[in-house]
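Reviewing the structure listed below.
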Amino acid sequence: MRRAFRHPSLILGLAASGLFALLALVSLVWTPYPIAEIDIGRRFLAPSLAHWLGTDNLGRDLASLVMAGTLTSFVVAALAVTIGAGLGVPLGLAAAAWGGAVEWAVLRLSDFVFAFPAVIVAILITTLFGPSAVNAILAIGIFNIPVFARVARGGALSIKTLDFVAAARLAGLGNWAIAFRHLLPNIASLIIVQGTIQLSLGILAEAGLSYIGLGTQPPATSLGLILRDAQSLFLLHPSLSLVPGLAIVIIVVALNLAGDGLRDVIDPRLKHQGGTGVTP
Amino acid sequence: MSLLSVENLAVHFGTHAAVADISLSLERGERFGIIGESGSGKTLTALAITGLLPEGAIMAGSICIDDQPVPTNERAMARLRGKRIGMVFQEPMTALNPLMPIGDQIGEAIRLGDTGGVEHIELPMLLKEVGLENRHGQRYAHQLSGGQRQRAMIAMALASQPDILIADEPTSALDLITQRLVLDLISELCTRRQMALLFISHDLKSVGALCSRVAVVHNGRFVEVGGTGKVFGAPQQDYTRRLVAAAEFKMKPVTRPPIGETLLEVRGLTRDYRQGG
């Protein structure tokens, strides 16, 4: 644990993402102004005490919008990670535990899903059900499934060759029990690190989908949607685009730093270096 | 009726034959040693008997327990091998799940081997039987010494009260004194539980100390089978003779005087390791 606090980029990454997550959570109960409140009379205000980041072309408070938008981005990305890990990890474990035809099927399925970027899946879903935040979650979640399946399979394959898996098999444990009792705990660190990285990619993908109009719809908001509203005014009021853009950049960089730091801290190869004193 | 009989066992990887034409039989309570160099097919023989052969290995021949051929069906095999066969692996560090306290792992083996009969076994009893204390059950594999890990491994193998114990080089990762302790433990357990032992090793001394019958394996084939005293005392085959000769321990006097001046000198060397969290 002490090693975690000696890792500056992990601290920085966790602190910055934690700060944005906190802002997002606060927006659930309080924002400086309601985000749907349109007041043309106070549009394009410069940052002031009343409006910390100014107001947009419809007179909405930009600080409130960014807070609520961050919440949407985090929720969409987190649910997408949940979908991806929830389906991908069991698929990857099954591929590693059974091998043979199951493995072949999982790998071909993930190849197939990999061939469709999140945008294509989102367009497909939008054509069928119309644009919404839920569709963005589904599209990014489906995109996450093969990522987690591959990470889980790769990690599990290297654990599977160890004798304790053979010992468990000899004791009479079935494939599912081996996968969940012996393989999953040993690859949990890999999954957590991948989850952090997919979270940042998910936020980026959500911003992208909302920007092209396939994600979150007004009056709800997201960072991508704020950016989209501001793009036509970029030359006149650049700060309207800069604020949500910078927010996205900071969140993504922070999550990547946290993911890299986490990997360094809980890498299985580094794990045995400290605190392995043999006690009689 | 023999407890375990293996006839014409062969294991192939593609066209390469790793094990060929191996036959052996094991009676109740008998101790049989398989000895040979690395890569001679000792471990593959054990894995074939337990049905744990790696993917890509093709097996031929027949393996019977109590004159019943072992099932080829994975599920039936899983039930059978846990109840009849226990196995101790070579490297106890990888044979124990690093993220599970050893008490939980032994407990899992007990649950899986529990037939619901009167011979219900308890974890503390089992730990005591292999010479571990209750507090060791809460430790992780990396917090135990090599000998303790191997004891934990033996406890797992015993959990289902098997008739056959297969030990695949159980002492090669241990120092000499710990080796002796673990061998004595295995010997004692086999006597007390009347288990048959299939002991695989490259160490003639430990096979000699444990087994009454021994097979010498070379290039995947048995070259000589017989009583331990007879095979080691009066080897018939050339390979066995070489093996016995190589195991002899003679101190040779150092005949090379140092040439020139001192090349490397060590004075009061200390190396400290900082204990991380």
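A, B, ... follow the sequence lines: proteins, then strands. Residue 1 opens every chain. Here the structure is a predicted model, which means the values were calculated and not measured.
- With respect to B:D104 and B:R111, no salt bridge is recorded, no charged nitrogen being found less than 4.0 Å from a carboxylate O.
- Proximity to chain A among residues 150-157 of chain B is limited to B:M153, B:M156, judged by heavy-atom separations below 4.5 angstrom.
- Contact annotation for B:L52: only side-chain heavy atoms (C-beta onward) come within less than 4.5 Å of a heavy atom of chain A.
- For B:M87, the parts lying under 4.5 angstrom from a heavy atom of chain A are both the backbone and the side chain.
- When A:T161, A:L162, A:I159 are compared by the number of non-hydrogen pairs under 4.5 Å with chain B, A:L162 comes out ahead.
- Checking B:S206 against B:Q179 by side-chain atom types alone, no donor-acceptor pair falls below 3.5 Å.
- Contact of the B:Q90 side chain with the B:I200 side chain is not registered, since no non-hydrogen atoms from C-beta on lie closer than 4.5 Å.
- A:F164 and A:H182 have tilted rings, their planes meeting at an angle from 30° to 60° on a 0 to 90° scale.
- Classified by interplanar angle (parallel below 30°, tilted 30° to 60°, perpendicular above 60°), the ring pair B:Y140/B:H142 is parallel.
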Applying side chain to side chain contact (heavy atoms under 4.5 Å, CB included) to A:I145 and A:V113, what does each step give before you reach the verdict?
CA-CA 8 Å; A:I145 293 172; A:V113 179; 5.6 Å; no

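- A:W176 has its ring centre less than 6.0 Å from the ring centre of A:W98.
- Looking at B:E108, the atoms closer than 4.5 Å to chain A (heavy atoms on both sides) all sit in the side chain, from C-beta outward.
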Set out, in order, the CA-CA distance, both residues' side-chain angles and the distance that settles side chain to side chain contact (heavy atoms under 4.5 Å, CB included) for A:T70 and A:V66, then state yes or no.
CA-CA 6 Å; A:T70 307; A:V66 167; 4.0 Å; yes

